[in-house]
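Below: the structure, in structure tokens.
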There are 2 protein chains.
Amino acid sequence: MTHTPGQPDSRAVPAGGRPEPVPCATTPERRPGGRTARVRAQVLDAVRAELGEHGYEGLTVEGVAARAGVHRTTVYRRWEDVGGLLADVLDAAGEDDWEPTDTGSLRGDLTALNDEIQESLVARPSVPRALMAAAFRSARAAEAQQRLWEDRYARCETIVERAVGRGELPARTDARSLLIASTAPLYHQLVLLGTAPDPRLPARAATTATLAAAAGAFGLPVPEE
Amino acid sequence: MTHTPGQPDSRAVPAGGRPEPVPCATTPERRPGGRTARVRAQVLDAVRAELGEHGYEGLTVEGVAARAGVHRTTVYRRWEDVGGLLADVLDAAGEDDWEPTDTGSLRGDLTALNDEIQESLVARPSVPRALMAAAFRSARAAEAQQRLWEDRYARCETIVERAVGRGELPARTDARSLLIASTAPLYHQLVLLGTAPDPRLPARAATTATLAAAAGAFGLPVPEE
DNA sequence: ATCTTAAAGCAACAGATGTCGCACTAGTGG
DNA sequence: CCACTAGTGCGACATCTGTTGCTTTAAGAT
């Protein structure tokens with residue numbers, strides 16, 4: 001996850017994901033060499049550090065540039081604004097190897113997942129929370145956020161597949177809906193409602209979703225009977 | 001809901017909800033008279049109008065002041081910042097007489113509620129969405145938002161009470177958890193995940209919650225058998 | 001009517017934020 | 001080794017955002 005400065009990553013991503021100024025076919029890849037990649041790594045590291053220290057509120061282009069040892073103008077030119085920075089961070093966040101833990105039961109898996117979510121959301125300052133805040137302000141960050149959600153929920157579908165394999169769930173189950181039903185109350189209460197975190201909430205939400213699933217709430221074609 | 005300019009409202013609210021500069025007991029109420037109230041009404045109307053036209057992104061103190069026909073400084077002094085403005089708007093929003101519609105069944109009531117929610121969230125620009133965005137940036141707006149959520153969910157508890165009265169649910173049912181389970185997927189998908197609105201989502205989320213409730217997912221003390 | 005004073009208007013200022021042209025540095029290719 | 005140039009550094013500038021001291025207006029009381 002953490003980029004090692006000085007060891008340029010080989011990903012030749014167009015930095016901010018913005019449309020490039022039309023490479024004229026003679027320049028297939030602009031200049032993926034040392035300095036460019038190094039600056040990108042420094043800046044993204046700085047963003048994560050600033051986010052961890054001051055949260056989204058305290059995240060400013062000025063501060064990021066200073067911490068990265070880079071000039072303001074460079075950041076503005078490559079990432080445009082704070083939203084662009086976070087979009088890049090979000091894309092990088094999707095490149096880890098996270099996967100849901102296997103506890104042996106659907107309810108256990110969902111509870112473990114919810115525990116992880118709750119933990120990441122109650123931390124102060126919370127990076128995921130900051131990224132959600134950013135998604136409200138920047139279209140680019142919102143798109144990156146969407147990609148990350150999609151990736152995460154796709155990985156979580158293995159939870160449902162395992163449950164189907166164990167016979168806990170019917171084969172044709174809408175995995176995505178089940179996962180959302182299980183996790184949504186957490187985000188709703190912790191992020192939107194702003195209620196105090198309840199240590200039993202993760203388990204309760206997971207249990208509710210499990211019960212609904214057992215009652216056939218997420219059956220796909222519902223063969224009626 | 002809409003304030004009629006020129007007809008000062010009698011609510012002697014301390015405007016922004018901020019701690020007042022200690023009234024010296026000789027001045028029990030500062031100056032609730034015409035101009036003060038009129039300015040407040042003008043400004044709040046301007047906020048709602050700007051929000052409807054440009055969304056949260058385009059909401060600026062400068063624009064609000066101009067539209068309200070008031071000087072910038074006045075807005076800064078009474079509301080401090082955009083968050084303060086929205087907090088005041090949020091508090092005013094809680095003073096309506098909204099109540100959940102009665103369709104005759106738990107599932108129907110929850111579906112109707114979700115339909116209303118979805119409708120308010122897919123509108124562009126969406127005022128509720130703007131208020132949520134504001135809650136991320138301003139502590140004052142966040143508190144006001146919290147008060148509004150609390151008020152809304154409290155009113156919705158009548159849905160559960162009616163269902164209990166009809167014998168659809170056991171007497172000891174955790175109304176709040178049921179309501180959150182029913183509504184959270186909507187907010188999660190439309191606000192956080194940013195997925196395209198699905199016209200059947202409200203009904204499906206309501207059905208899921210109803211099934212879970214029937215399975216005893218929201219029983220309060222659970223007398224064990 | 002007139003006095004008092006809370007609140008609004010006004011203008012000048014300070015700081016943050018973002019932009020632009022130009023110079024320079026350092027990969028890249030000959 | 002040298003030439004080329006994408007990308008960065010630098011400083012000057014424009015703008016937006018928020019603050020402060022003072023003046024003016026008008027609500028409320030005598």
Side-chain angles (χ1 to χ4, degrees), chain A residues 5-6 8 10 12-16 18 20-43 46 50 54 57-66 68-85 137-138 140, chain B residues 5-10 12-16 18 20-44 46 50 54 57-85 137-138 140:
Chain A
S10 56
V13 183
R18 320 159 36 194
E20 294 170 274
V22 189
C24 298
T26 54
T27 59
E29 290 185 2
R30 312 293 287 278
R31 185 165 292 199
R35 189 167 61 158
T36 298
R38 192 166 57 245
V39 165
R40 181 173 120 105
Q42 286 170 5
V43 169
E50 288 281 306
H54 314 299
E57 295 312 300
L59 189 70
T60 163
V61 173
E62 182 74 49
V64 169
V70 158
H71 202 267
R72 263 188 323 145
T73 322
T74 300
V75 178
Y76 279 118
R77 272 198 277 250
R78 285 186 59 176
W79 288 276
E80 194 139 295
D81 57 0
V82 178
L85 282 171
R137 309 231 351 166
S138 156
R140 300 238 307 281
Chain B
Q7 182 186 346
D9 55 1
S10 57
V13 184
R18 320 160 37 196
E20 294 170 273
V22 189
C24 298
T26 54
T27 59
E29 289 184 3
R30 313 291 287 281
R31 185 165 293 198
R35 187 167 64 159
T36 297
R38 192 165 58 245
V39 166
R40 180 172 120 105
Q42 287 170 5
V43 169
L44 290 194
E50 288 282 307
H54 314 298
E57 295 312 300
L59 189 69
T60 164
V61 173
E62 183 75 47
V64 169
R67 181 186 282 257
V70 157
H71 203 268
R72 259 187 329 141
T73 321
T74 300
V75 178
Y76 279 119
R77 272 201 272 253
R78 283 187 60 176
W79 288 276
E80 195 139 295
D81 58 0
V82 177
L85 282 170
R137 310 233 344 166
S138 156
R140 302 239 307 280

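Numbered from 1 within each chain, the chains take letters A, B, ... in sequence-line order.
- With sequence neighbours excluded, the residues forming a side-chain contact (heavy atoms from CB on, under 4.5 Å) with A:Val61 are A:Val75, A:Tyr76, A:Val82, listed by chain and number.
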field: Per-nucleotide protein contact string for nucleotides 11-19 of chain C (B base, S sugar-phosphate only, - none; heavy atom under 4.0 Å)
entry: BB----SBB

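- When the side-chain nitrogen and oxygen atoms of A:Thr36 are compared with OP1 and OP2 of D:dG7, none of them lie within a distance under 4.0 Å.
- Side-chain contact between B:Arg78 and B:Val39 is present, with heavy atoms from C-beta onward closer than 4.5 Å.
- With rounding to the nearest 0.5 Å, the separation of CZ in B:Arg137 from CZ in A:Arg137 is 4.0 Å.
- Every residue two or more places apart in sequence or in another chain that forms a side chain to side chain donor-acceptor pair (under 3.5 Å) with A:Thr73 is listed here: A:His71.
- Taking the side chain as every heavy atom from C-beta outward, A:Trp79 and A:Val64 never approach each other to under 4.5 Å.
- Separating the CZ atom of B:Arg40 from the C1' atom of C:dA6 is a distance of 17 Å, rounded to the nearest angstrom.
- With C:dG9, C:dA8, C:dG27 as the candidates, the nucleotide lying closest to the side chain of A:Arg38 is C:dG27.
- What separates CZ of A:Arg77 from P of D:dT5 is a distance of 18 Å, to the nearest Å.
- Atom pair B:Arg78:CZ and C:dA7:P shows a separation of 8 Å (rounding to whole Å applied).
- Atoms OG1 and CZ, from B:Thr60 and B:Arg72 in turn, are 9.0 Å apart once rounded to the nearest 0.5 Å.
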